[in-house]
J.: 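Sharing a structure, written as structure tokens. Questions coming.
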Amino acid sequence: MLDLRRIRSEPDAIRAGLSRRGADLALLDRVLELDERARAVGAEVDDLRNQVKTVSKEIGELFKAGQRDEAEARKAESKRLGDREKELAAAADGLQADIRDALLRIPNVPSDDAPDGASEADNVVLRTHGPGPDTFADHQRVPHWDIGTELGIIDGERAVKISGSMFTMYRGWGARLLRAMIGHSLDASADPANGAVWEEIRPPTLVKTDTMIGTGHLPKFEDEAYHVERDDLWTIPTAEVPLTSMAADEVLDWDTLPVRFTAYTSCFRREAGAAGRDTRGLLRSHEFDKVELMGYADGAEQAIALQEEILARSEQILQDFGLSYRILDLCAGDLGGSAARTWDIEAYAPGVGEWLEVSSVSWFADYQARRANVRWKRAGEKGTQVCHTVNGSAMGWPRTVAALLETHRQPDGSVAIPEVLQPRLGGATHIPAA
RNA sequence: GGAGGGGUGCCAGAGCGGACGAAUGGAACGGUCUUGAAAACCGUCGAGCCUUCGGGUUCCGCGGGUUCGAAUCCCGCCCCCUCCGCCA
């Protein structure tokens, strides 16, 4: 969420920023108004509490001095003050809750560097890597769902049978390929033998409501997540959720920043608004695998450097796999609610003839960290500061698998395995043709 | 799931309902001493909110209650530990 003090001190700048993403400004005005009232009531409550404490202390002293009658007499006064205090305190608490409620629903202010624009049509292509869309041969222009069925490595039908539509299943070479790809990504970032400095995490995939609030996935998007009602737990839509809340309510030592985490998890999305879209193949599923890179930083400079590092890592993986991709700079209007700046990576899938979003690399400034209450402090110095968070996928696997199968399909129907993955697949160079 | 024990500051660990934001010890930081270091000694040493910058206020797992007054009493919940049960 946004810093309330900043909303107070520079409301116009925030209004302008939020307008760039087309956000509703009514909540902002509401916060401003509630805050003014809350502070007035709060001051009064503090004052009354002070009086109650003072009188109570005096009563205690009177008792000790043996002046019982005098003490009893003053109880009434304290009681009256106390009752009034309780009344006002309840009002103050209500106001505070309302403020937080509104604050949680106000999106982040886009970075000045994020391009103007209202929708995905206005996103800016920063660069493209690898052969372009029209350079692919006919044997590569087969959709991955056909390749998957032909080679027996993706079994959509069985997945539908056991779980319903928009679930997928990998089999045989498909499952092994997926596992190899995940392993490659994880080892690239977390294996000390590669000089890796990212700590690998295997977090829980079921989390509490507060954890979902921390990253901004609640309260606004409850329809997008699966909720296990009986235990009031949510299935994570991305490892970003548990990773960002790992340091919730903690004060990190400045020396340890930036903190770098990578994690592989299943991700669950109800895809509430997407019923009927992309139901074939691997483009959109309720459950999918993803490797995430996530970091905590001490401020904008460090955070943006880390965001660039994550982007570079993700790009490297696509290069390792020999895939064509492009980098998009999301415009203010297409930014996720928590993000200040986002770069999407889209891999080209010649079979479906589309650029597929396989990664989203975002800088959240202090928006998430303030929600999750993650701060840092320099040893020996006074005061704490709110961290910045960044994260990005490396990668969202189903679409990466799709792009890989299509890109590396050979004229004979087999699929060439990228060299970096071969050691993980027993040295195999191809997924054999049917 | 059952029985018992416990949750206090960076850590350890006290705390008859009024003197407690909290003893004491350790760590850390600053200083004195020293050629330097250690030791010793002195001092500092949690976070949030509001502020007319004097200060005020909140927080002793979380929430509620009793009371003029709660870290201390009562109720509910959560978490941790031990034992039993169940289990990949």
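This structure is a prediction, so every number in the text was calculated from the model and none was measured.
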J.: Across all strands shown, which nucleotide pairs with B:U52 by Watson-Crick or G-U wobble geometry, both distances under 3.5 Å?
T.: none
J.: Can you check the distance between B:G13 and B:G26, where both ends of the measurement are the C1' atom (answer in whole Å)?
T.: 11 Å
J.: Considering heavy-atom distances to RNA chain B, does A:G82 or A:K57 have its closest nucleotide positioned more toward the 5' end?
T.: A:K57
J.: Could you measure between the two P atoms, the one in B:G56 and the one in B:G7, and give it in whole Å?
T.: 31 Å
J.: In whole Å, what separates the P atom of B:A38 from that of B:C29?
T.: 10 Å
J.: For the P atoms, the ones on B:C45 and on B:A22, what distance do you get once it is rounded to whole angstrom?
T.: 11 Å
J.: Would you mind reporting whether A:I153 and A:L177 have side-chain heavy atoms less than 4.5 Å apart?
T.: no
J.: What one-letter contact string describes nucleotides 55-62 of chain B from 5' to 3', where B marks a base within less than 4.0 Å of any protein heavy atom, S marks contact via sugar-phosphate atoms alone, and - marks no contact?
T.: -BSS----
J.: State, with a plain yes or no, whether a side-chain heavy atom of A:L218 is found less than 4.5 Å away from one of A:W234.
T.: yes
J.: Using a 90° cut-off around 0 for syn, call B:G7 syn or anti.
T.: anti
J.: Could you tell me whether the side chain of A:D116 and the main chain of A:C331 form a donor-acceptor pair under 3.5 Å?
T.: no
J.: Which base, if any, makes a Watson-Crick or G-U wobble pair with B:C41, both distances under 3.5 Å?
T.: B:G31
J.: Specify the separation, in whole Å, of atom CZ of A:F63 and atom P of B:G69.
T.: 12 Å
J.: Could you tell me whether A:R158 atom CZ has more than 12 heavy atoms of other residues or ligands within 6.0 Å of it?
T.: no
J.: Indicate yes or no for a side-chain donor-acceptor contact from A:R21 to the backbone of A:A332 under 3.5 Å, with no hydrogens or angles considered.
T.: no
J.: Name the residue closer to the 5' end of RNA chain B, choosing between A:K79 and A:D93 according to the nucleotide with the nearest heavy atom.
T.: A:D93
J.: Using whole Å, what does the distance between atom C1' of nucleotide B:C79 and atom CG of A:D210 come to?
T.: 14 Å
J.: To the nearest Å, how far apart are A:D3 CG and B:C49 C1'?
T.: 12 Å
J.: Between atom CG in A:L62 and atom P in B:G69, what is the gap in whole Å?
T.: 16 Å
J.: Is there a Watson-Crick or G-U wobble partner for B:G4 with both distances under 3.5 Å, and if so, which one is it?
T.: B:C81
J.: Any side-chain heavy-atom pair from A:W343 and A:L328 closer than 4.5 angstrom?
T.: no
J.: Can you check the distance between B:A40 and B:C33, where both ends of the measurement are the C1' atom (answer in whole Å)?
T.: 9 Å
J.: NZ of A:K377 versus P of B:G9: gap in Å, rounded?
T.: 16 Å
J.: Out of B:A47, B:U67, B:G18, which has the shortest distance to the side chain of A:K64?
T.: B:G18
J.: Which part of the nucleic acid, if any, lies within reach of A:R80 when heavy atoms closer than 4.0 Å are counted: base, sugar-phosphate only, or nothing?
T.: nothing
J.: If we take the P atom in both B:G5 and B:A71, what is their distance in whole Å?
T.: 24 Å
J.: Considering Watson-Crick and G-U wobble pairs with both distances under 3.5 Å, what does B:C10 pair with?
T.: B:G26
J.: Taking B:C60 as the reference, what is the distance to B:G55 when you measure between their C1' atoms (whole Å, please)?
T.: 24 Å
J.: B:C49, OP1 or OP2 - any side-chain N/O from A:R100 closer than 4.0 Å?
T.: no
J.: Using a cut-off of 4.0 Å on non-hydrogen atoms, how would the nucleic acid contact of A:R5 be classed: base, sugar-phosphate, or nothing?
T.: sugar-phosphate
J.: Round to the nearest Å and state the distance from A:I59 atom CD1 to B:U67 atom P.
T.: 14 Å
J.: Would you kindly give the CD-to-C1' distance between A:Q385 and B:A47, to the nearest whole Å?
T.: 15 Å
J.: For B:C86, which nucleotide is its Watson-Crick or G-U wobble mate, given both distances must be under 3.5 Å?
T.: none
J.: Provide, to the nearest angstrom, the distance between the CG atom belonging to A:L233 and the P atom belonging to B:C78.
T.: 13 Å
J.: With a non-hydrogen cut-off below 4.0 angstrom, is A:R74 in contact with a base, only sugar-phosphate, or nothing?
T.: nothing
J.: Could you tell me whether the side chain of A:M1 reaches within less than 4.5 Å of the side chain of A:I106, counting heavy atoms only?
T.: no
J.: Give a yes or no on whether the backbone of A:E240 and the side-chain of A:T244 come within a donor-acceptor separation of less than 3.5 Å.
T.: yes
J.: Taking only the side-chain heavy atoms of A:T384 (C-beta and beyond), determine which of B:C50, B:G69, B:A47 contains the nearest atom.
T.: B:A47
J.: Work out how far the C1' atom of B:A27 is from that of B:G46, and round it to whole angstrom.
T.: 14 Å
